[in-house]
Amino acid sequence: LVTPLFSNSSVFRQDFCKESYRDNSSGDFSLAKGLSGKSLNVWMLNGRYLNLEKDGSIDNKNPGLIVLMMDEVARRGDFTWRDSFAIDEFNPIKEGRDFSDLLSWTTNTFDISGDSWVHTPQRASMGVSFSTGWYDASLLLVGPKSEKKSKFKLLAFGTPFTYNVWALLIFTLVATGIVLACVENGSKTWEGGYKGLRNLRFSDNMYESFMAFTGHINLKSDRSSTRLVTLSLAFFTMIMLAAYTANLASFLVMNRTPLTVIQDINDIIKKEKSMCIFDASASEERIRRKFPSAILVEKETNENVIEGLNNGDCDYAITQVSFWREAKVKTRFNRLCNLTQIGDIIGPAEAGFATISDAGNKCTSFIRDILDVHFKAMVEDNFVEDAWARQVEGAREVTCSAEEEIGKLDEGQKLNLDNTGGIFIFHFTLVAFALAWSICKRSRNNDKITHDVVDMHGPNNSEVEMQSPNNSEVEMQQQHSLRSFGQPHHILTPSLYG
């Protein structure tokens, strides 16, 4: 069935007066089977409880609650509807109308308006009639949990950083300790082979590297490369320590700050707190009529209501029992289990399918009476509750217990490599430069010694003899130069200075 939204050019509502006025004097007429063999024209809203394929057809594997309810009532009433239905989308802002306008148009145009229509006196006065509902539209308040129960956590001190940041931090401190040992030992590290490595003070430098993360650095050296590594380590640990301290303090304050105790909607209004609510809906109409001074933040969908609360657009949210039953187990709305129902239900209500109230023109009220018979039976034999239980379990992504702790840092709040990667790169760059400096310095020292040896031998032996009265003294100087490489300068040969 195709017709433009809010168009009066086509009407698909059928005449059922012959069926409704059937003589029942013999007592063989059953209202439950009053539509047996008939095909009804049904309208449905493309929304949360209707699942469609990409081509717009109904997803038969998971059709959604609206189709499940319609199929079951049709099975019990022995009528059909799958061959004659319409599906529309509706945006109140775009259309410039509210949901009551949509309800009025759909019930005047189709035999059944299949959605979770909230039963209200105002809508009944518009000529709309409702069967027993399958959706609990009672209004409730949702807000952050006010109780924070202390729970011992052995590794709570590690909360400010993610695991990969801790791992990289430990690796960085170990690597820095090794580099400090190498550059502090100087050229003996690179020339001494295995013996040179054995002389490295790994334990001492590793200790100093890890102590730096506590804010204490006690490294003193006259080597430029060591000073550069020490400077980089000091700057690195200053940034990391400041980030750790700030994030840990934020975590502790967030866990200890008491929330304002709110018991019901009257407390919210008195404290002038705001509430997100579904725009242009029956819920908004009821709240504005009953609580005219309430500060309401309008949202386009029920989903946006809870998202608005999480994003800080409002202090609390007003939603419906059935929607919250499903939303509270989804990570999209309640991944930290920090939202809960506040107080009692604001006002009871039910929602379900609707028809026009017509007992004499086309007798559409007859359809309402038959739907009501079957929905009452479906509630009584738990078909509706079982369908809802499957819907909630199928959507479950989180399980929140009564002891669930709130105020904890999730992965998005912890400092990760996106936040700290720059300081790691900066530190590793300076350490690599210092290491390269130490190696290059050793290479320059080798070149200098080689040059000195060549100068001492000279171009020929006669020149050496002319410049030195004693060849043995030159040989002793040469041997001293070769032995002195990498040794402290105060160690001298006795033959030359003795």
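Counting heavy atoms from C-beta outward, Tyr135 and Val384 have side chains that stay 4.5 Å or more apart. Side-chain contact check for Val118 versus Gln320: some heavy-atom pair is nearer than 4.5 Å. In this structure, Lys145 and Leu339 have side chains that are not in contact, with every pair of non-hydrogen atoms separated by 4.5 Å or more. Considering only heavy atoms from C-beta on, Phe85 stays 4.5 Å or farther from Leu1 through its side chain. Side-chain contact between Met378 and Glu72 is present, with heavy atoms from C-beta onward closer than 4.5 Å. Taking the side chain as every heavy atom from C-beta outward, Arg48 and Phe323 approach each other to under 4.5 Å. Looking only at side-chain heavy atoms (C-beta outward), Met275 and Asp315 stay at 4.5 Å or farther from each other. Contact annotation: the side chain of Val329 approaches that of Val392 to within less than 4.5 Å [non-hydrogen atoms, C-beta and beyond].
Residues Trp81 and Ala74 share a closest heavy-atom pair of CD1-CB, 3.8 Å. When every heavy atom of Phe99 is checked against every heavy atom of Asp279, the shortest pair comes out as CE1-O, 4.1 Å. Between Arg75 and Lys33, the shortest heavy-atom distance links the atoms O-NZ, 4.5 Å. A pairwise comparison of heavy atoms in Ser322 and Tyr49 identifies O-OH, 4.3 Å as the closest pair. The nearest pair of heavy atoms linking Ala280 to Pro92 is CB-CB, 3.8 Å. Closest of all the heavy-atom pairs between Thr172 and Leu168 is OG1-O, 2.7 Å.
The number of heavy-atom neighbours closer than 6.0 Å to CG of Asp344, taken from other residues, nucleotides and ligands shown, is 12 or below. Taking a 6.0 Å sphere around CD of Glu53, one finds it holds more than 12 heavy atoms contributed by other residues, nucleotides or ligands.
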- side chain to side chain contact (heavy atoms under 4.5 Å, CB included) between Asp59 and Leu52: does it pass, once the steps are laid out? CA-CA 5 Å; Asp59 181 359; Leu52 304 178; 6.0 Å; no
- Leu65/Leu68 under side chain to side chain contact (heavy atoms under 4.5 Å, CB included): CA gap, chis, key distance, verdict: CA-CA 5 Å; Leu65 283 176; Leu68 287 177; 4.2 Å; yes
- Kindly indicate, with the supporting measurements, whether the criterion salt bridge (charged side-chain N to carboxylate O under 4.0 Å, His left out) is fulfilled by Asp71 and Arg82. CA-CA 9 Å; Asp71 281 344; Arg82 288 261 190 161; 2.7 Å; yes
- Using the salt bridge (charged side-chain N to carboxylate O under 4.0 Å, His left out) rule, take Asp313 and Lys299 through it: C-alpha gap first, then chi angles, then the decisive distance, then the call. CA-CA 10 Å; Asp313 299 338; Lys299 296 294 180 179; 2.9 Å; yes
- Message: Pair Lys271, Ile262 - check side chain to side chain contact (heavy atoms under 4.5 Å, CB included), show working.
- Response: CA-CA 9 Å; Lys271 296 180 182 297; Ile262 297 292; 3.5 Å; yes
- Show your working on side chain to side chain contact (heavy atoms under 4.5 Å, CB included) between Phe366 and Leu31 and close with a plain yes or no. CA-CA 9 Å; Phe366 181 61; Leu31 182 62; 3.5 Å; yes
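Taking the ring centre of Phe110 as origin, the terminal cationic atom of Arg13 falls outside the region bounded by 6.0 Å and 45° from the ring axis.
Salt-bridge check for Asp111 with Lys38: failed, with every basic side-chain N at 4.0 Å or more from each acidic carboxylate O. Under the 4.0 Å criterion applied to side-chain N and carboxylate O atoms, Arg325 and Glu393 are not assigned as salt-bridge partners.
Remark: side-chain polar atoms of Asn302 are not paired, donor with acceptor, to backbone N or O of Val305 under 3.5 angstrom. Under a 3.5 Å cut-off, the side chain of Asp115 and the backbone N or O of Trp117 do not form any donor-acceptor pair. Distance alone, capped at 3.5 Å, places no donor-acceptor pair between the Trp134 side chain and the Trp388 backbone. Side chain of Asp101 to backbone of Asp98: a donor-acceptor contact under 3.5 angstrom is found. Listed for the Thr107 side chain is a donor-acceptor partner under 3.5 Å among the backbone atoms of Ser104. Without hydrogens or angle criteria, Ser232 side chain to Leu228 main chain gives no donor-acceptor distance under 3.5 Å. With hydrogens and angles disregarded, a donor-acceptor distance shorter than 3.5 Å links the side chain of Thr237 to the backbone of Ala234. Side-chain atoms of Asp381 come within 3.5 Å of backbone N or O of Phe383 as a donor-acceptor pair. Within the 3.5 Å criterion, the main-chain N or O of Gln122 finds a donor-acceptor partner in the side chain of Ser125. Using a distance-only test at 3.5 Å, with no hydrogens or angles considered, a donor-acceptor pair links the side chain of Ser365 to the main chain of Asp358.
Atom CG of Asp264 is separated from atom CG of Asp267 by 4.5 Å, given to the nearest 0.5 angstrom. Interatomic distance, CG of Asn108 versus CG of Leu103, reported as 9.5 Å (0.5 Å rounding). The CG atom of Leu45 sits 9.5 Å away from atom CD1 of Ile87, with the distance rounded to the nearest 0.5 Å. Rounding to the nearest 0.5 Å places CD of Gln391 at 13.5 Å from CG of Asp386. Remark: Asp136 CG to Glu385 CD distance equals 10.0 Å, nearest 0.5 Å. Note that the CD atom of Gln263 and the CD1 atom of Ile268 stand 10.5 Å from one another [nearest 0.5 Å].
Ser84 pairs by the side-chain hydrogen bond (donor to acceptor under 3.5 Å, both in side chains) definition with Ser39, Asn41, not counting sequence neighbours. Contacts of Phe79 classified as ring-ring contact (aromatic ring centres under 6.0 Å, His included), with partners at least two apart in sequence or in another chain: none. For Leu140, the side-chain contact (heavy atoms from CB on, under 4.5 Å) partners are Val142, Thr319, Val321, Trp324, Gln341, not counting sequence neighbours. By the ring-ring contact (aromatic ring centres under 6.0 Å, His included) test, His119 pairs with Phe130, sequence neighbours left out.
A donor atom on one side chain and an acceptor atom on the other are not found under 3.5 Å apart for Arg368 and Ser131. If you check the side chains of Thr355 and Ser129, you find a donor sitting under 3.5 Å from an acceptor. Side chain to side chain, Trp166 and Thr162 fail the donor-acceptor criterion of an N or O pair below 3.5 Å. Residues Lys376 and Thr132 bring a donor and an acceptor atom of their side chains to less than 3.5 Å of each other.
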Pairs under 3.5 angstrom only: tabulate donor-acceptor contacts from the side chains of residues 346-354 to other protein residues two or more places apart or in another chain.
from, atom 1, to, atom 2, distance (Å)
Glu350, OE1, Gly133, N, 2.8

Throw together a table of side-chain donor-acceptor distances under 3.5 angstrom for residues 290-297, partners on residues two or more places apart or in other chains.
none

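Under the side chain to side chain donor-acceptor pair (under 3.5 Å) test applied with Trp43, the options Thr106, Thr3, Asp88 reduce to a single match, Asp88. Results of the salt bridge (Lys or Arg N to Asp or Glu O under 4.0 Å) test with Arg332 over Glu303, Glu307, Glu397 single out Glu307 as the only residue that passes.
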